[in-house]
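Read the structure below first, then the notes.
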Number of protein chains: 2
Amino acid sequence: MLALDNQICFALYAANRAVTARYRPLLAGLGLTYPQYLAMLVLWELDDGGAGPRVSDLGQRLRLDSGTLTPLLKRLEERKLLLRTRRGDDERVVRIALTDAGRELKARAAGIPEQLLCGLDVEPAQLVALRQQLRGLLAALEQAEPSAQ
Amino acid sequence: MLALDNQICFALYAANRAVTARYRPLLAGLGLTYPQYLAMLVLWELDDGGAGPRVSDLGQRLRLDSGTLTPLLKRLEERKLLLRTRRGDDERVVRIALTDAGRELKARAAGIPEQLLCGLDVEPAQLVALRQQLRGLLAALEQAEPSAQ
DNA sequence: TGAATATCAATTGTGCACAATTTAATTGCT
DNA sequence: AGCAATTAAATTGTGCACAATTGATATTCA
């Protein structure tokens, strides 16, 4: 029962790290880490040329808190990919706005999903099914009562 | 194409962290972190009362290198759950042997897989299918040629 | 109005992951 | 035997995750 290969947790853990490892050389070409890439995906998706989402909006989407996001976003700001500005009418809130350089990076990232699959022996249909199951698991975990201690 | 919800990678990333988060309070009762728990699973599985596996054996099983394992195992040694000893006939090799306290912890961990699922609205059959697909993905990633840069 | 409360981001501290390098020991090859 | 090449673990440095706390601002309500 406690055997490693019986654990769904280990299969998830190992597969997640293997996927990340496969992204790494591709993202290195953009100068991004994997979590930075995920943050940029959200920023590209939400970008309307306006003031941009709040740190907590990114956090909600990515399931990350400010302890992770604040330093990550500061690094992206140093690379001039985005700007962090306190909102005037509520100084508690920080807005994350893409710079032009941040928007331009999107074009260079466009090929990454395809490159990732290239040379990988898995059916696209399998991946769609897997994604669906992972979403189901995530939803179940997020609405579950806290596990009994 | 670049939308966050289209990415298999994000589904994996988020689900993995959600599972880890659900383990955390259970493992806190044993004084273990999640990676420490995975290492203990391997040690319990391989334990034959002998000198124990090498650091690199654990690394191969868990897909972790010495940079991760060395400090992790030192923490478990400080807790008296295991012993790290250089092998006499080859001083390069470190053997990881469970202590009695390390073996006793297995009994306390026995209920964890079940507790994890308790209160979680997913079919066991779904989990088995998911694990199978994750294994397939991992196998494909591990035998794939390095992705084109 | 003014004090408690709530909210948001930042900070602090611990523990992974992982690349790159280092140290030490062993093996292989003349 | 002696020296290069190899192997195993440890070390160093960067960047997440996440719990807990802090600091600053806003809101609520007696």
Side-chain angles (χ1 to χ4, degrees), chain A residues 9-10 12-25 27-28 31-40 52-60 62-79 82-96 146, chain B residues 9-10 12-25 27-28 31-40 52-60 62-79 84-96 146:
Chain A
C9 70
F10 178 68
L12 255 178
Y13 170 81
N16 180 52
R17 288 192 300 118
V19 167
T20 306
R22 192 167 173 86
Y23 270 99
R24 197 168 295 118
L27 296 178
L32 294 177
T33 66
Y34 184 70
Q36 288 168 6
Y37 170 69
L38 295 178
M40 292 301 290
R54 313 184 310 172
V55 171
S56 51
D57 294 330
L58 284 178
Q60 187 174 21
L62 296 168
R63 274 80 170 174
L64 292 172
D65 67 10
S66 66
T68 301
L69 284 174
T70 296
L72 184 153
L73 294 170
K74 281 185 178 175
R75 283 178 208 113
L76 294 176
E77 189 178 37
E78 276 172 31
R79 287 178 183 274
L82 53 82
L83 284 173
R84 297 159 61 251
T85 51
R86 294 262 167 200
R87 205 171 70 183
D89 66 329
D90 186 342
E91 288 281 340
R92 292 172 304 182
V93 173
V94 171
R95 292 234 175 250
I96 308 300
Chain B
C9 70
F10 178 68
L12 254 179
Y13 170 81
N16 180 51
R17 287 192 301 118
V19 167
T20 306
R22 192 165 172 88
Y23 270 98
R24 198 168 294 118
L27 295 178
L32 294 177
T33 66
Y34 184 70
Q36 287 168 5
Y37 170 69
L38 296 178
M40 292 302 289
R54 313 184 311 172
V55 171
S56 52
D57 294 330
L58 284 178
Q60 187 175 21
L62 296 168
R63 275 80 170 176
L64 292 171
D65 67 9
S66 66
T68 301
L69 284 175
T70 296
L72 184 153
L73 294 170
K74 281 183 177 174
R75 284 178 208 113
L76 294 176
E77 188 179 36
E78 276 172 30
R79 287 178 185 273
R84 298 159 60 251
T85 51
R86 294 263 168 199
R87 205 171 71 185
D89 66 329
D90 185 343
E91 288 281 341
R92 292 172 304 182
V93 173
V94 170
R95 293 236 176 249
I96 308 300

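So you know, we letter chains A, B, ... as the sequences are listed, proteins then strands, and number each from 1.
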Atom-to-atom span, CD of B:Glu77 to P of C:dG15 - whole angstrom: 15 Å

When the distance from CD of B:Gln60 to C1' of D:dT7 is rounded to whole Å, what number comes out? 14 Å

With sequence neighbours left out, write down each residue that passes side-chain contact (heavy atoms from CB on, under 4.5 Å) with B:Glu91, or none if nothing qualifies. B:Arg86

Over 60° means perpendicular and under 30° means parallel, so classify the ring planes of B:Tyr34 and A:Tyr13, tilted if in between. perpendicular

Could you work out, with side-chain hydrogen bond (donor to acceptor under 3.5 Å, both in side chains) as the rule, every residue matching B:Glu77, not counting sequence neighbours? B:Arg84

Give the rounded distance in Å between these two atoms: CG of A:Leu69 and P of C:dA10. 10 Å

For A:Arg92, give me all partners under salt bridge (Lys or Arg N to Asp or Glu O under 4.0 Å), at least two apart in sequence or on another chain. A:Asp90

Could you state the CZ-P distance from B:Arg86 to C:dT26, rounded to the nearest angstrom? 10 Å

Contacts under 3.5 Å, N or O only, protein and nucleotides 21-23 of chain C:
none

Mind checking salt bridge (Lys or Arg N to Asp or Glu O under 4.0 Å) for B:Arg17 and listing every partner two or more places apart, or none if nothing turns up? none

How does protein contact run along nucleotides 16-29 of chain D, one letter per nucleotide 5' to 3', with B for base contact, S for sugar-phosphate only, - for none, heavy atoms under 4.0 Å? SBBB-----BS---

For atom CD1 of A:Ile96 and atom P of C:dC8, their distance in whole Å: 14 Å

Determine all donor-acceptor pairs shorter than 3.5 Å in which one atom belongs to a side chain in residues 63-76 of chain B; sequence neighbours excluded.
unit_1  : atom_1 : unit_2   : atom_2 : d
B:Arg63 : NE     : B:Glu142 : OE2    : 2.8
B:Arg63 : NH1    : B:Arg61  : O      : 3.3
B:Arg63 : NH2    : B:Glu142 : OE1    : 3.0
B:Arg63 : NH2    : B:Glu142 : OE2    : 3.4
B:Asp65 : OD1    : B:Gly67  : N      : 3.1
B:Asp65 : OD1    : B:Thr68  : N      : 3.1
B:Thr70 : OG1    : B:Ser66  : O      : 3.0

Under the side-chain hydrogen bond (donor to acceptor under 3.5 Å, both in side chains) rule, collect the residues that match up with A:Arg95, sequence neighbours excluded. none

What do the steps show when you test B:Val55 against B:Ile96 for side-chain contact (heavy atoms from CB on, under 4.5 Å), and what is the final call? CA-CA 7 Å; B:Val55 171; B:Ile96 308 300; 3.9 Å; yes

Looking at every strand, decide which applies to B:Arg95 at a 4.0 Å heavy-atom threshold: base, sugar-phosphate, or nothing. nothing

Residues in side-chain hydrogen bond (donor to acceptor under 3.5 Å, both in side chains) contact with B:Ser56, at least two apart in sequence or another chain: B:Arg54

Between C:dG15 and B:Lys74, is there an OP1 or OP2 to side-chain N/O distance shorter than 4.0 Å? no

So does A:Arg54 get a side-chain nitrogen or oxygen closer than 4.0 Å to the phosphate oxygens (OP1/OP2) of C:dC8? yes

